[in-house]
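Per chain, numbering begins at 1; letters A, B, ... match sequence-line order.
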Protein chains: 2
Amino acid sequence: MPNRISDKTVARLSIYSRLLGGFRQQGKETIHSHDLALVAGVTPAQVRRDLMSVGGMGSPSKGYDVTELSESIEAFFGSQQRVNVALIGLGNIGRAILAYFHGRRPHLAIVAAFDIDSHRVDCVHNGCRCYPMHALGEIIEQQKISVGIIAVPVSAAQEVADTLVAHGIEGIMNFAPVPLRVPPNVYLEQVDITTSLETVAYFARQHTQEERR
Amino acid sequence: MPNRISDKTVARLSIYSRLLGGFRQQGKETIHSHDLALVAGVTPAQVRRDLMSVGGMGSPSKGYDVTELSESIEAFFGSQQRVNVALIGLGNIGRAILAYFHGRRPHLAIVAAFDIDSHRVDCVHNGCRCYPMHALGEIIEQQKISVGIIAVPVSAAQEVADTLVAHGIEGIMNFAPVPLRVPPNVYLEQVDITTSLETVAYFARQHTQEERR
DNA sequence: ATACTATTGTGAAATGATTCACAGCGTTAT
DNA sequence: ATAACGCTGTGAATCATTTCACAATAGTAT
């Protein structure tokens, strides 16, 4: 492998991509690393470093061509080939996620939802059919789903993860506030809202106390 | 300042705290760094390093006293003093967050919600009163709110953040998929679900391609 | 044409986070 | 009592990420 790209860089590229989409719509043709850095909340050097990963094609004094760069990053994310996503758990968080992604990213579609509650099963929420939990493995393989979003209670999260892994999932985004065990060949992203809020509260208090010093 | 603690460490301490709570309930009295590391999904060395921040009080061959350690971490997070939190935006994500935190963390309470939609205003969701948006500044100061959760659409996010900052907020957790500009004395946590999912999809695909090599 | 300016791309340095490795020390076994 | 074991706490080393700083270069002005 030539040079692996860090997850931090990938996350920032996603942000640049979204911002560039906005600039494109408002007719901006070129942009400097400085300007992109300003709206992205990072340093110009970081922008340039990140853009090297997608083969940065900027010109001095003009900067980067917005359309060209936007398309380069989309190509980097492989937007020509669709990634199918499953959402497991249709509670409050699950429904919020479903509503959130509905029709937003064409190449990143939630194609199936799952829940144990029979009231939710077989309904269509935001254009997405809800299947019973026991169909999980079968549907993953049928629909060639490679990414799973876990939005079930803590007590069920590891079991769901195991099922996903057993049926060949490649990446998991976990909203349940519990660290999951998955094999190293599966990419895992923990989105732990409780922990995040606790971290914010901690540093908020720190700042207050520093001011008092 | 003696030694600043990194946000990564703080986040992990929050996870340890939660896990220790579980161990405490099931009557476990002592625990080794190795065991805590296993369930937290990190290395034993990392656990010990993190616990140094709260004045690690482990004994060789017995390990750490579960109750004592649990209380040390809670004290570290300042659980004796309550942090008041405001939630701005009661759409899908806002309601999910509200339901999620309801009665879960006593020292970290969402005490007020805000929305522009008059249908939502003045209702009580999950024990939390919803105020109209124009009351935001006033209520923050009245209720001594120091942390804000932004769950409004992208178009309103920066304006809300500015209002929060203007009224003395110390920390912000932002769910709107746009980088916010806040002064350096305000701690900002971006929770960008789209970006996270895109990152998962990217690495999931990477793994698939590596296997093919 | 030539000089000047501002910006990119990128080695190199700095900073930050994690892991290693081992001294020191309770605990247990003999 | 003594030895042996295994774990903690931590300095040092490693690894990862960010920032610095500047050569190369395209555009612009003279």
Covered region of DNA chain C, 5' end to 3' end, by chain A [heavy atoms, under 4.0 Å]: C:dT7 to C:dA12
Distance-only donor-acceptor hits, side chain of residues 172-182 of chain B, under 3.5 Å, sequence neighbours excluded:
| residue | atom | partner | partner atom | Å |
| --- | --- | --- | --- | --- |
| B:Asn174 | OD1 | B:Ala176 | N | 3.0 |
| B:Asn174 | ND2 | B:Ala176 | O | 3.1 |
| B:Asn174 | ND2 | B:Val178 | O | 3.1 |
| B:Asn174 | ND2 | B:Gln190 | OE1 | 3.0 |

Which residues share a salt bridge (Lys or Arg N to Asp or Glu O under 4.0 Å) with A:Arg18, sequence neighbours left out: B:Asp192
All pairs passing salt bridge (Lys or Arg N to Asp or Glu O under 4.0 Å) where residues 149-166 of chain B contributes a residue, at least two apart: none
For residues 55-67 of chain A, which side-chain donor-acceptor pairs fall under 3.5 Å, sequence neighbours excluded?
| residue | atom | partner | partner atom | Å |
| --- | --- | --- | --- | --- |
| A:Asp65 | OD1 | A:Thr67 | N | 3.0 |
| A:Asp65 | OD1 | A:Glu68 | N | 2.9 |

Residues which pass ring-ring contact (aromatic ring centres under 6.0 Å, His included) with A:Phe76, listed by chain and number, not counting sequence neighbours: B:Tyr202
Where B:Ile73 and B:Leu13 come nearest, the two heavy atoms and their spacing: CG2-O, 3.7 Å
Minimum heavy-atom distance B:Ala99-B:Asn126, with the two atoms named: CA-ND2, 3.5 Å
Sorted by number, the residues of residues 32-39 of chain A with heavy-atom contact under 4.0 Å to DNA chain C: A:His32, A:Ser33
Atom pairs and distances, side-chain donor-acceptor, residues 140-151 of chain A, under 3.5 Å, sequence neighbours left out:
| residue | atom | partner | partner atom | Å |
| --- | --- | --- | --- | --- |
| A:Gln142 | NE2 | A:Glu138 | OE2 | 3.3 |

Would you list the atom pairs, donor with acceptor, under 3.5 Å between side chains in residues 104-114 of chain A and any protein atom, with sequence neighbours excluded?
| residue | atom | partner | partner atom | Å |
| --- | --- | --- | --- | --- |
| A:Arg104 | NE | A:Tyr100 | O | 2.8 |
| A:Arg104 | NH2 | A:Tyr100 | O | 3.4 |
| A:Arg105 | NH1 | B:Glu198 | OE1 | 3.0 |
| A:His107 | NE2 | B:Glu198 | OE2 | 3.1 |

Nucleotide-resolved protein contact map, nucleotides 18-30 of chain D, B/S/- at heavy-atom distance under 4.0 Å: SB-B---BBS---
DNA chain D contacts among residues 188-200 of chain A, heavy-atom distance under 4.0 Å: none
All pairs passing side-chain hydrogen bond (donor to acceptor under 3.5 Å, both in side chains) where residues 29-47 of chain A contributes a residue, at least two apart: A:Ser33-A:Arg48
